Protein chains: 2
Amino acid sequence: MPRPRQPRLTRQLIVDTATALIDAEGLPAFSTRRLAAELGVRGPSLYNHFATKDEILDAVADTVTGAVDTSGFASRDWVAALRDWAWSYRRALTAHPNIVPYLAQGPGRRPAALAMADAVYGGLVRAGWPPARATHIGAALRYFVAGSALGSFARGFVEEPELYAAHYPHLRDAHRLAEHQQSVDEGAFALGLDALLHGLTAEYARTVGPVESARPSG
Amino acid sequence: MPRPRQPRLTRQLIVDTATALIDAEGLPAFSTRRLAAELGVRGPSLYNHFATKDEILDAVADTVTGAVDTSGFASRDWVAALRDWAWSYRRALTAHPNIVPYLAQGPGRRPAALAMADAVYGGLVRAGWPPARATHIGAALRYFVAGSALGSFARGFVEEPELYAAHYPHLRDAHRLAEHQQSVDEGAFALGLDALLHGLTAEYARTVGPVESARPSG
DNA sequence: GCGGCAAAACTTACACCGCTAGTTTAAGGG
DNA sequence: CCCTTAAACTAGCGGTGTAAGTTTTGCCGC
């Protein structure tokens, strides 16, 4: 089957299908042949549109990151902007949890990740944070969000109470975590984010100056 | 070459060699055949000692997690214990950064991870935190530590200034991040951890009661 | 209109992957 | 001493990413 009348593949179509496949079956199940099959095509054909498998994954990761909203840094005080950004970031990642392990490994050359870092850094510097501090804050929040989307603390537990009861006295009810997975993860995220922002507000007051444009809501 | 006079493989030897191999060449380079070659053996021989490749990786991950020190929860106030634990946790992970993406995916059945979770949870509950809060705090800190060890914000940047200058105005000096990688990551971690603990201290005073045994150091 | 070139699919193939099955020999217990 | 078990082996299956070369189509310039 040679070149068809109308191309069957597009970068966009490949990325969309790859995203759906990863969402549905996980990263390990994502292979070039499997993806090609999903597209009604033969595997190597993908290489007419992407140079490597990683390039496809980068495109998927970039699309996911592109959904993050950083507009708050242009309109709100820095605390509110950080909060909005962190939640938007988390939502974007948890919408496609299976790609997170790949995505989490450095902003690299991915345009959307760089644009995001740029917006955050710029917003914090504009708010009065020293550049080095702005870098640290952006990184720290990134750690927290990525960790929360990746680790899914609760998901790791297993439905076998006796596994825990014997050896881990305090985790007697750990198996229950699996039931309330989402609420545990979201609760931990909300608590941690509030604590982080609270601490940053105090740090701001101490080192930058009295809180003016910063109106902490927590 | 049949059964040798003296076994050439041990679970311990396999785990140690696997750890060294992953440290030296990264997760993708870690294959059963490659590991076997490193051990002077033929690949399938590993399956006399481990059922699957993942079981080997779990053992490596468990060894890494086992190096985390949670003793502070038995002797110090909860804030100091959390701080010590978080730093120890981070040191354990950054000592073997290549295994982190695997390790980060849920505490699962790995004994060391469960023991760690148990110690943290128990310590927080003993300090007066409500159980649900204790779970959230442990998870939040885990997110932060795992994210910091995984993402290595700075490592992601590339040594090509012109890549950033054009499109990301605030990241003009982003390529310099690669130079100061370790200090940026550690600084971000220190800042974030202090902010988190500061916020948790405030939360404790507000919801649990006046700070008594808690003696925040930040 | 037509020749030629680029595009986009194809087939084939390589080296590697995790893992299974069956084989061989040595070690150790009854 | 036999017999089970352990621990290595070889062979091989189905799958992986990707390189190379083939074929047909669409399109652009003459």
Side-chain angles (χ1 to χ4, degrees), chain A residues 1-62 98-99 101-103 105 108-109, chain B residues 1-62 98-99 101-103 105 108-109:
Chain A
M1 197 171 291
R3 182 181 188 185
R5 318 304 173 98
Q6 183 169 325
R8 301 194 218 175
L9 299 182
T10 316
R11 281 183 69 99
Q12 193 56 48
L13 181 59
I14 292 172
V15 171
D16 291 346
T17 309
T19 304
L21 182 56
I22 293 171
D23 284 347
E25 311 192 1
L27 254 197
F30 174 73
S31 75
T32 55
R33 291 194 235 261
R34 180 80 177 76
L35 171 60
E38 210 76 19
L39 287 158
V41 126
R42 286 286 164 137
S45 302
L46 297 169
Y47 289 84
N48 288 315
H49 304 265
F50 289 92
T52 64
K53 182 192 184 183
D54 275 0
E55 210 173 82
I56 302 177
L57 284 169
D58 278 335
V60 171
D62 208 54
N98 294 335
I99 191 68
Y102 184 88
L103 184 148
Q105 285 165 160
R109 305 170 183 268
Chain B
M1 198 170 291
R3 182 180 189 189
R5 316 304 174 101
Q6 184 168 327
R8 301 194 218 174
L9 299 182
T10 315
R11 280 182 70 99
Q12 192 56 52
L13 180 60
I14 293 171
V15 170
D16 291 346
T17 309
T19 305
L21 181 57
I22 293 170
D23 284 347
E25 311 192 1
L27 254 196
F30 174 73
S31 75
T32 56
R33 290 191 234 258
R34 180 81 177 74
L35 170 59
E38 209 76 19
L39 288 158
V41 124
R42 283 292 170 126
S45 302
L46 296 170
Y47 289 85
N48 287 314
H49 304 266
F50 289 91
T52 64
K53 182 191 184 186
D54 275 0
E55 210 174 83
I56 302 177
L57 284 169
D58 278 335
V60 171
D62 208 54
N98 294 335
I99 191 67
Y102 184 86
L103 185 146
Q105 284 167 157
R109 305 169 184 268

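This is a predicted model, so every value here is computed, not measured.
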For this session: Taking the side chain as every heavy atom from C-beta outward, state whether L46(A) and I14(A) have any atom pair closer than 4.5 Å.
Result: yes
Exercise. Which whole-number value in Å describes the distance from L35(B) CG to dC19(C) C1'?
Worked result: 15 Å
Exercise. Rounding to a whole Å, what distance do you find between L46(B):CG and dC17(C):C1'?
Worked result: 13 Å
Exercise. How long is the gap from CG on L39(A) to CG on D16(A), to the nearest 0.5 Å?
Worked result: 10.0 Å
Exercise. So, for R11(B) and H49(B), which heavy atoms are closest and what is the spacing to 0.1 Å?
Worked result: NH1-O, 3.1 Å
Problem set entry | F50(A) vs V15(A) side-chain heavy atoms within contact, under 4.5 Å | yes
For this session: Please report, rounded to the nearest Å, how far the C1' atom of dA6(D) is from the CZ atom of F50(B).
Result: 16 Å
For this session: Would you please confirm or rule out a distance under 4.0 Å between OP1 or OP2 of dA6(D) and any side-chain N or O of H49(B)?
Result: no
For this session: Send over the distance from L21(A) CG to dT16(D) P, rounded to a whole Å.
Result: 11 Å
Exercise. Can a donor-acceptor pair under 3.5 Å be found between the side-chain atoms of N48(B) and the base atoms of dA8(D)?
Worked result: yes
Exercise. Between A18(B) and I56(B), what is the shortest heavy-atom contact and its length?
Worked result: CB-CG2, 4.1 Å
Seminar exercise, completed: L13(A) atom CG is separated from dA8(C) atom C1', nearest whole Å, by 14 Å
Problem set entry | Rounded interatomic separation in angstrom, taking CZ from R42(B) and P from dT10(D) | 5 Å
Write out a two-atom table: protein N or O, nucleotide N or O from nucleotides 17-20 of chain D, distance below 3.5 Å.
residue : atom : partner : partner atom : Å
dG17(D) : OP1  : T32(A)  : N            : 3.3
dG17(D) : OP1  : K53(A)  : NZ           : 2.8
dG17(D) : OP2  : T32(A)  : N            : 2.7
dG17(D) : OP2  : T32(A)  : OG1          : 2.6
dG17(D) : N7   : R33(A)  : NH2          : 2.9
dG17(D) : O6   : R33(A)  : NH2          : 2.8
dT18(D) : OP2  : Y47(A)  : OH           : 2.4
dT18(D) : OP2  : K53(A)  : N            : 2.7
dT18(D) : O5'  : Y47(A)  : OH           : 3.3
dT18(D) : O4   : R33(A)  : NH1          : 3.2

Exercise. Does a side-chain N or O from S45(B) land closer than 4.0 Å to OP1 or OP2 of dC9(D), or not?
Worked result: yes
Under 3.5 Å, which donor-acceptor pairs do the side chains of residues 20-33 of chain B form with other protein atoms, sequence neighbours left out?
residue : atom : partner : partner atom : Å
D23(B)  : OD1  : H96(B)  : ND1          : 3.0
D23(B)  : OD2  : H96(B)  : ND1          : 2.6
E25(B)  : OE1  : R34(B)  : NH2          : 3.1
E25(B)  : OE2  : R34(B)  : NH2          : 2.7
S31(B)  : OG   : R34(B)  : N            : 3.0

Exercise. Could you give the CZ-to-C1' distance, from R11(A) to dA7(C), as a whole number of Å?
Worked result: 15 Å
